[in-house]
Amino acid sequence: MIAYSDRKIALWHIGVAYTAFLIGTLMGVLQVFVRNDSLELPAWLDYYQVLTAHGVLLALIYTTFFIFAFFITGMSKSLGSFGPKVRLFSWIGLWVTLLGTVIATVLIIIGEASVLYTFYAPMQANGFYYVGLALVIVGTWISSFALVGHYLGWRRRNKGQLSPLFAFMTITTIVMWIIACLGVVATVLFQYIPWAFGWTDTINVELSRSLFWYFGHPLVYFWLLPAYIAWYTIVPKLLGVKVFSDSLARLAFVLFILFSIPVGFHHQLTEPGISNFWKFLQVVLTFMVIVPSLMTAFSMFATFEIAGRKKGGTGLFGWFKKLPWKDVRFTSIFIAMVFFIPGGAGGIINASFQLNEVVHNTLWIVGHFHITVGTPVAMTFMGLTFWLIPYLTGRRFTKRMQILGFIQIITWSIGMLLMSTAQHVLGLLGAPRRTAYSGYNDHPAAMEWFEGIVSNHLTMAIGGTILFLSAMILMYIVIMTMFVSPKAETPEQMVEFPLAESDMSNTPKWLENWWIWIGIAAVLIIVAYAIPISQMIQHAPPGSKGFITW
Amino acid sequence: MDNKQSDHDDVNLKGTLVSVFIVGIIIVAMWVAVYMMYVAR
Amino acid sequence: MHLHKYEKIWLSFGIVSLIVFLSVVGVSAFSQDHTPSGGMETIDPEKVNETAPFDNPGVTQLDEDTYQVAIVALAFGYTAPDLRVPAGKEIIFKVTSTDVVHSFTIDNTKVNMMVVPGRITTKSYTFEEPGKYLILCNEYCGTGHHMMYTEIEVY
Ligand code: HEM
Ligand SMILES: [Cu+2]
Ligand SMILES: [Cu+2]
């Protein structure tokens with residue numbers, strides 16, 4: 001078991017994460033009922049206020065805090081207990097991030113920031129909303145530097161050695177995150193904050209959007225990579241095998257540093273101010289970042305097949321039956337992976353240049369991110385929660401909790417299948433995202449969208465309700481394993497941190513030479529962004545004043 | 001580089017090959033479907 | 001670093017598929033003019049109503065086979081009187097905003113344009129079928145976002 005003081009930091013992160021999850025999922029279920037006109041919100045609560053809270057609390061806060069809980073535990077486990085400095089900065093990081101979260105949340109609640117989690121200018125929220133978001137980022141940087149410091153300490157003590165796979169992957173994710181945040185920090189610090197506090201009159205809208213999406217795409221990889229870390233390093237242990245290939249796992253991760261950043265224009269394919277050449281160039285780069293995910297798919301199936309064959313599975317698919325289906329830690333993650341197949345395929349479609357016109361800002365996109373971040377990432381985190389909390393609290397993960405865990409992941413899967421399928425189909429038909437109920441004055445075209453077998457007002461609401469119930473079961477499990485479940489007394493009752501062995505004997509050392517990867521990433525970013533961004537600055541139209549349209 | 005232990009060339013991964021190709025087919029099928037919708041609009 | 005034989009097969013298949021996807025969209029976009037909406041023209045967002053073509057929004061016939069439709073998006077509607085265009089002719093949509101970001105999206109067509117203040121978004125489209133098409137805003141723009149719509153008639 002890792003040091004008590006490290007466990008405490010991780011547990012605080014989990015506590016914040018699930019508080020955000022509780023409020024966020026409550027907002028989610030409100031949304032589905034507003035959208036099908038069976039719920040009218042009270043006058044003091046606006047649909048877009050609810051939606052802002054849902055996006056911020058789930059996509060930004062739940063994910064970030066859970067990710068750091070996982071990183072802190074895993075880094076302490078694989079590199080040894082934190083020293084006093086690392087511990088101090090991890091706490092400071094936590095408090096700064098939390099402070100930012102509270103500020104942003106309060107402004108959403110008092111209705112001064114109904115600008116959604118993407119806060120596109122020139123809608124102008126209260127300046128402190130941007131301050132809150134900036135603090136969230138700065139807080140994650142402090143926590144990140146604490147972990148980097150811990151890692152560098154290990155490197156100094158273990159000269160010439162490759163770091164353990166978990167640490168390597170954590171540092172990769174952090175390197176990518178820090179480079180990615182430069183964009184959002186630049187726009188918030190130099191554009192939004194001066195403008196929202198009235199120090200400047202106008203804002204360069206297209207520039208702010210581009211800097212946001214410079215950050216926005218790697219943001220989704222910041223959610224995904226921790227899930228991949230679990231897939232690569234935890235899942236093999238649950239199956240009783242080693243990591244399929246240490247070197248390929250590391251290679252896949254460094255490819256994410258290179259290609260997850262210079263691709264933000266794929267979120268801006270239908271907007272003016274970026275020429276087709278630069279849009280298409282970033283589309284090509286986006287397609288490069290698919291390759292490490294293809295590698296991951298192979299590694300996962302290979303891990304399953306090797307494990308299943310070891311347990312006596314024969315024939316083409318005999319191994320499949322031998323997988324530990326009764327282990328909720330595994331089954332949850334397996335389902336998460338299955339959801340990622342259509343999720344990833346949908347992502348390829350979204351990024352396919354003009355095909356984006358079919359799906360852009362439709363409900364398809366909402367369906368898409370609920371089967372990427374909302375299930376593959378979130379359900380991987382659920383699968384980790386089942387053992388991470390008991391591991392950190394020293395409590396038992398009782399039989400009852402395991403059964404509840406199964407009910408939870410199965411209901412989540414059913415709910416998400418219903419909700420996201422409905423959203424995908426509705427989106428293809430043309431129904432827009434980010435909208436309260438509207439029939440566009442009962443326009444026949446809009447009425448038609450909702451007349452399908454899955455694409456109707458009911459499916460999404462049923463799915464959303466099941467999802468919410470599932471979320472509440474999860475909250476129960478979280479609270480029980482955090483505060484109530486009996487303490488583990490015998491070694492068998494102790495919950496372990498299932499970290500797989502990884503054979504590093506064939507892994508080339510250059511994979512851990514960060515300067516190579518940071519250097520190439522910088523070159524790619526400059527190639528993809530320098531010219532279009534400088535054009536946006538030099539040929540900028542008169543800027544925009546702020547508008548409060550809610 | 002010495003690749004003797006970890007190249008896995010000796011292990012049977014036929015099921016993996018078939019599985020990833022199922023994934024590949026899903027990707028291609030979904031892409032083609034939306035492409036056809038695009039063309040039809 | 002060594003790849004299993006099957007992994008080589010898989011990655012080759014994957015990479016070839018990606019290249020095919022890219023080539024299909026790339027060729028269709030650049031040689032058949034199927035690029036997504038966009039454009040590099042700028043405009044002063046506070047002087048939209050004095051700036052051509054938005055000083056005279058609506059449909060103008062440019063020549064025998066081409067029409068231009070100029071539209072101003074604003075919270076929460078479109079200034080676009082009398083939107084009637086013929087089927088089978090090229091329609092060039094030009095849209096800008098006087099306030100926040102919006103979209104100009106025509107149901108069941110390829111017209112799905114982001115509208116950014118200070119910029120003019122352009123998209124060329126030819127309707128095949130006559131009828132009344134729903135136009136809506138699918139970029140969040142404020143409390144009335146879901147009420148922001150209009151209609152275009154194709155004859
Ligand atoms: C109880 C479970 C959930 C339900 C019922 C739910 C429902 C919804 C609905 C209906 C929307 C679309 C609203 C609209 O576009 O008008 C939405 C948006 C969104 N959801 Fe969820 N969701 C759930 C869980 C999650 C989770 C776990 C995540 C991520 C970790 C997530 C992330 C998002 C994001 C990022 C948006 C977009 C917000 C925006 O457009 O600004 N959701 N959700
Ligand atoms: Cu993206
Ligand atoms: Cu709108």
Side-chain angles (χ1 to χ4, degrees), chain A residues 46 48 116 120 122-123 204-206 209 247-248 251 268-276 279-280 283-284 287 290-291 294-295 297-298 302 348 352-358 360-362 430 432-438 440-441 443 445-446 506-508 539-544 547 549-550, chain C residues 1-4 6-7 10-11 14-15 18 21-22 25-26 28-30 34-47 75-76 99-101 103 105 107-108 110-114 116-122 132-134 136-147 149 151:
Chain A
D46 178 67
Y48 300 103
L116 306 183
Y120 293 142
M123 287 183 94
N204 180 337
V205 175
E206 193 52 33
R209 297 174 63 80
S247 53
L248 289 175
L251 179 67
Q268 302 174 275
L269 292 171
T270 64
E271 69 191 58
I274 307 163
S275 70
N276 281 317
K279 286 179 184 173
F280 195 74
V283 165
V284 174
F287 274 57
I290 298 163
V291 175
L294 297 178
M295 294 166 64
F298 190 91
I348 301 177
S352 292
F353 204 43
Q354 69 270 39
L355 296 204
N356 186 258
E357 291 183 314
V358 178
H360 184 68
N361 273 348
T362 67
R433 71 182 280 204
R434 293 178 155 176
T435 47
Y437 175 77
S438 170
Y440 298 102
N441 206 10
H443 195 282
N506 292 308
T507 305
H539 303 289
S544 283
F547 291 88
T549 51
W550 67 92
Chain C
M1 219 170 316
H2 181 93
L3 294 174
H4 188 280
Y6 291 164
E7 184 159 11
W10 161 239
L11 288 180
I15 292 168
L18 296 179
F21 293 167
L22 278 176
V25 294
S28 138
F30 293 106
H34 281 154
T35 48
S37 64
M40 303 302 285
E41 285 172 85
T42 58
I43 186 170
D44 184 337
E46 306 205 351
K47 301 208 175 83
F76 301 100
D99 45 41
V100 298
V101 180
S103 96
T105 304
D107 181 50
N108 210 10
K110 292 179 179 123
V111 182
N112 189 359
M113 311 161 69
M114 292 291 288
V116 179
R119 306 266 171 186
I120 299 172
T121 317
T122 305
K132 285 186 173 167
Y133 289 74
L134 171 64
L136 57 85
C137 174
N138 70 15
E139 178 60 87
Y140 172 60
C141 53
T143 337
H145 164 56
H146 53 288
M147 314 289 216
Y149 76 102
E151 218 179 33

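Below, read A as the first sequence line, B as the second, and so on, with proteins coming before strands; counting in each chain starts at 1. Note that the coordinates shown come from a computational prediction; the quantities given were computed from them, not determined experimentally.
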Proximal component of [X], with respect to chain C [non-hydrogen, under 4.5 Å]:
{"X": "A:His443", "answer": "side chain"}
{"X": "A:Asp46", "answer": "side chain"}
{"X": "A:Ile274", "answer": "backbone"}
{"X": "A:Ala446", "answer": "both"}
{"X": "A:Phe298", "answer": "both"}
{"X": "A:Phe287", "answer": "both"}

Distance (rounded to the nearest 0.5 Å) between [X] [atom1] and [Y] [atom2]:
{"X": "C:His145", "Y": "A:Thr549", "atom1": "NE2", "atom2": "OG1", "value": "10.5 Å"}
{"X": "C:Leu11", "Y": "C:Tyr6", "atom1": "CG", "atom2": "OH", "value": "15.0 Å"}
{"X": "A:Ile290", "Y": "C:Leu18", "atom1": "CD1", "atom2": "CG", "value": "4.5 Å"}

Are any of the side-chain heavy atoms of [X] and [Y] separated by less than 4.5 Å?
{"X": "A:Asn276", "Y": "A:Phe353", "result": "yes"}
{"X": "C:Asp107", "Y": "C:Tyr133", "result": "no"}
{"X": "C:His2", "Y": "A:Asn506", "result": "no"}
{"X": "C:Arg119", "Y": "A:Glu271", "result": "no"}
{"X": "C:Val25", "Y": "A:Phe280", "result": "yes"}
{"X": "A:Gln354", "Y": "C:Ser28", "result": "yes"}
{"X": "A:His360", "Y": "C:Thr105", "result": "no"}
{"X": "A:Pro122", "Y": "C:Val101", "result": "yes"}

By a 4.5 Å heavy-atom criterion (distance strictly below it), what part of [X] contacts chain A: side chain, backbone, both, or neither?
{"X": "C:Ala29", "answer": "both"}
{"X": "C:Leu22", "answer": "both"}
{"X": "C:Asn108", "answer": "neither"}

Distance-only donor-acceptor check, side chains C:Asn138 and C:Asn112, under 3.5 Å: yes

Given the options [options], which has more heavy-atom pairs under 4.5 Å with chain A than any of the others?
{"options": "C:Met113, C:His34, C:Lys132", "answer": "C:His34"}
{"options": "C:Met147, C:Lys110, C:Met40", "answer": "C:Met40"}
{"options": "C:Cys137, C:Ser103, C:Pro45", "answer": "C:Pro45"}
{"options": "C:Glu139, C:His146, C:Glu41", "answer": "C:His146"}
{"options": "C:Gly38, C:Gly142, C:Ser37, C:Gly118", "answer": "C:Ser37"}
{"options": "C:Ile43, C:Thr35, C:Val111, C:Ile120", "answer": "C:Thr35"}

Minimum heavy-atom distance between A:Tyr48 and A:Thr435, given as atom pair plus value: OH-CA, 3.5 Å

Among [options], which residue forms the greatest number of heavy-atom pairs with chain C at distances under 4.5 Å?
{"options": "A:Gln268, A:Arg433, A:Glu206", "answer": "A:Glu206"}
{"options": "A:Val205, A:Asn356, A:Leu355, A:Asn204", "answer": "A:Val205"}
{"options": "A:Val283, A:Asn441, A:Leu294", "answer": "A:Leu294"}
{"options": "A:Arg434, A:His539, A:Met123", "answer": "A:Met123"}
{"options": "A:Ala302, A:Ala297, A:Ala540, A:Gly273", "answer": "A:Gly273"}
{"options": "A:Tyr440, A:Trp550, A:Tyr437", "answer": "A:Tyr440"}

